[in-house]
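Every number for a ligand or one of its atoms is a count from 1 in the order of the listing. Both backbone and side-chain heavy atoms feed into the values below; hydrogens, waters and symmetry mates do not. Quantities reported herein were computed from a predicted structural model and do not represent experimental measurements.
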Amino acid sequence: MADSKKVNKKDMGKLLNQWSQEFTVFVPSKDESVSKMAKWDGKDTSFLDWYRNTVTPPKANFLPATEKMFSFRQDTEGYQLELPSQVDKQLVFGIRPCDAKAMTILDMTFEDTYEDPYYLPRRKKAILIGLGCTNPCDSCFCTSLGISPAESNDVDLMLTDIGDEFLIEEITDKGKGLAAHTTGLEEATEADIAKAKDAKEKAYSKVTRKINTEGIEARLLASFENEDYWEEVATKCISCGICTFLCPTCYCFDISDEQANKQGARFRSWDSCAFPIYTKMPMENPREEKWRRVRQKVCHKYEFYPMSFGIIACTGCGRCIRQCPVNWDITLTLDKLPARV
Ligand code: SF4
Ligand code: SF4
C-alpha cells in the first residue's frame with residue numbers, strides 16, 4: 001500500500017489554492033455545454049458533488065482539439081518561424097482511473113518512434129491527481145479492461161472518498177514530493193485505509209457492464225475478412241466521428257496552414273478514422289466503405305494497438321456509448337464477434 005495522507009473535504013478549496021501557486025489547476029467543469037477539465041476559478045469546488053466524468057476527456061489538456069504548431073512570415077530571406085511559448089505546468093485534479101490509464105496509453109504513442117514536441121513537454125510538466133469513481137455510469141466497463149474505478153497507478157496522487165475526508169495515496173515520487181510540501185494534510189490511520197478499501201470494493205462491484213477480452217486479438221483477426229459481420233455492425237453508424245473525438249485514447253490529427261499576406265500559421269486538429277475524407281490529402285482513403293472504417297476503429301483498439309504496444313487501447317470509459325447520436329455500442333459489437341479462431 002502506498003503511503004497515505006488525508007484531507008477534510010471542506011478544505012479542498014484551500015488545497016487547490018495552495019497547488020495553484022505552483023501549477024495551473026484544472027478541475028471538472030460544466031460551465032460550458034460540454035463538461036471538461038477547465039482552469040479552476042480559485043473558489044468553486046461544487047464539482048465534488050456533481051462530477052461523474054467529463055464529456056471531453058483530459059487528453060484535450062495535452063492534445064488540444066486544435067493547436068497552433070508555429071507562426072510563419074515570409075520576407076526577403078525566406079520563411080521566418082515563431083514557435084509557441086513555454087507550456088503551463090498543469091495540475092489536473094479529479095482525473096478518473098480510466099482516463100489516467102488512457103494518458104499512459106497516449107504516452108506510448110507520442111514517445112514512440114517520433115517524440116512529439118507538443119504533447120510530451122505538457123505531459124512531463126504535469127501532475128495528475130486521481131479521484132476514485134464511486135458512482136460509475138451504466139455505460140462504463142473499465143473492470144473488463146483491468147481497471148478499477150477507484151484505484152490507479154497512472155496518477156501521481158490518488159484520492160478516495162472516505163466520508164467527510166479524502167484518503168490521499170502517494171503513487172509516484174512526484175506525488176510524494178507534492179504531498180510533502182503541501183500543508184494541511186494529516187497522516188491517514190489504519191481505520192481510514194480500511195474505509196478506503198471498502199469504498200474501492202464497492203465501486204468495483206458497481207461496474208456491471210462486462211465484455212469478454214479473452215483471445216480478443218485472435219478473434220478479431222479471424223473475423224477481419226468477415227464482411228457480413230462488419231456490414232451489420234456498421235449499419236447504423238453515421239460517421240460523425242464523435243466517438244473518436246471523445247475517446248481518451250484516440251489521437252489522430254490533421255495539419256493545415258492558414259495564410260494571408262505572406263504570413264500565417266500551421267495548426268493541427270483532431271481528425272477521425274470514421275470520416276470518409278480521412279487521409280484524403282496525402283492519398284485516397286483506403287476505407288471508402290463505412291464498414292471498413294468501423295472495423296478500423298474497433299480493430300485499432302483491440303487488435304493493432306495490442307500488437308504494437310502490448311495493451312488494449314480502450315479503457316472502458318464508455319464515452320463512445322454515452323455520446324453516440326445513434327446509440328452505436330462497442331460492447332455489443334464485441335459481444336457479437338464470432339467466437340471462431
Ligand atoms: S459516434 Fe456513433 S455514429 Fe458517430 S462515428 Fe461513432 S459510432 Fe458512428
Ligand atoms: S473506445 Fe469507447 S469505451 Fe473505449 S476508451 Fe474509447 S471512448 Fe472509452
What I want to find out is whether [X] reaches [Y] closely enough, with some N-O distance under 4.0 Å, to be called a salt bridge.
{"X": "Asp11", "Y": "Lys14", "value": "yes"}
{"X": "Glu187", "Y": "Lys5", "value": "yes"}
{"X": "Asp164", "Y": "Lys9", "value": "no"}
{"X": "Asp116", "Y": "Arg122", "value": "no"}

Checklist line | N, O or S from Cys314 under 2.8 Å to atom 4 (Fe) of ligand 2 | finding: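 Yes, since at least one N, O or S atom of Cys314 sits under 2.8 Å from atom 4 (Fe) of ligand 2.
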Note to self: By the definition side-chain contact (heavy atoms from CB on, under 4.5 Å), identify the one residue from Leu128, Leu16, Ile127 that meets it with Phe93.
What the structure shows: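 It is Leu16; the other options fail the test.
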Margin query: Which residue in the set Gln323, Lys59, Arg322 passes side-chain contact (heavy atoms from CB on, under 4.5 Å) when paired with Leu246?
Written below: Gln323
For [X], I'd like to know if atom [atom1] has over 12 heavy atoms of other residues, nucleotides or ligands within 6.0 Å.
{"X": "Glu82", "atom1": "CD", "value": "no"}
{"X": "Lys39", "atom1": "NZ", "value": "no"}
{"X": "Lys202", "atom1": "NZ", "value": "no"}

Quick one: look at [X] and ligand 1, take heavy-atom pairs under 4.0 Å, and tell me if it's side chain, backbone, both or neither.
{"X": "Lys236", "result": "neither"}
{"X": "Ile238", "result": "both"}
{"X": "Cys320", "result": "neither"}

Margin query: Distance check below 2.8 Å: does Cys243 bring an N, O or S atom to atom 6 (Fe) of ligand 1?
Written below: yes
Element-labelled atoms of ligand 2 that are located less than 4.0 Å from some non-hydrogen atom of [X]:
{"X": "Phe141", "answer": "3 (S)"}
{"X": "Thr315", "answer": "4 (Fe), 5 (S)"}
{"X": "Pro248", "answer": "5 (S), 6 (Fe), 7 (S), 8 (Fe)"}
{"X": "Lys301", "answer": "1 (S)"}
{"X": "Gly318", "answer": "3 (S), 8 (Fe)"}

Notebook entry, point to check: Any side-chain heavy atom of Lys301 within less than 4.5 Å of one from Cys247?
Noted result: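 With C-beta onward as the side chain, the pair touches.
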Check: Got Val155 and Val92 here, is their nearest side-chain heavy-atom distance under 4.5 Å?
Finding: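 Not touching, per the 4.5 Å side-chain cut-off.
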[atom] - nearest protein heavy atom and its distance:
{"atom": "atom 8 (Fe) of ligand 1", "result": "Cys237 SG, 2.3 Å"}
{"atom": "atom 4 (Fe) of ligand 1", "result": "Cys240 SG, 2.2 Å"}
{"atom": "atom 5 (S) of ligand 1", "result": "Gly241 N, 3.2 Å"}
{"atom": "atom 2 (Fe) of ligand 1", "result": "Cys324 SG, 2.3 Å"}

Next item on the list: Answer yes or no as to whether an N/O/S atom of Cys247 is found below 2.8 Å from atom 6 (Fe) of ligand 2.
Entry: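 It does; at least one qualifying atom falls short of 2.8 Å.
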Check: Against heavy atoms of Lys297, which atoms of ligand 1 measure under 4.0 Å?
Finding: 6 (Fe), 7 (S)
Note to self: Within ligand 1, which atoms have a heavy atom of Val326 less than 4.0 Å away?
What the structure shows: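 Those of ligand 1 that fall under 4.0 Å from Val326 are 3 (S).
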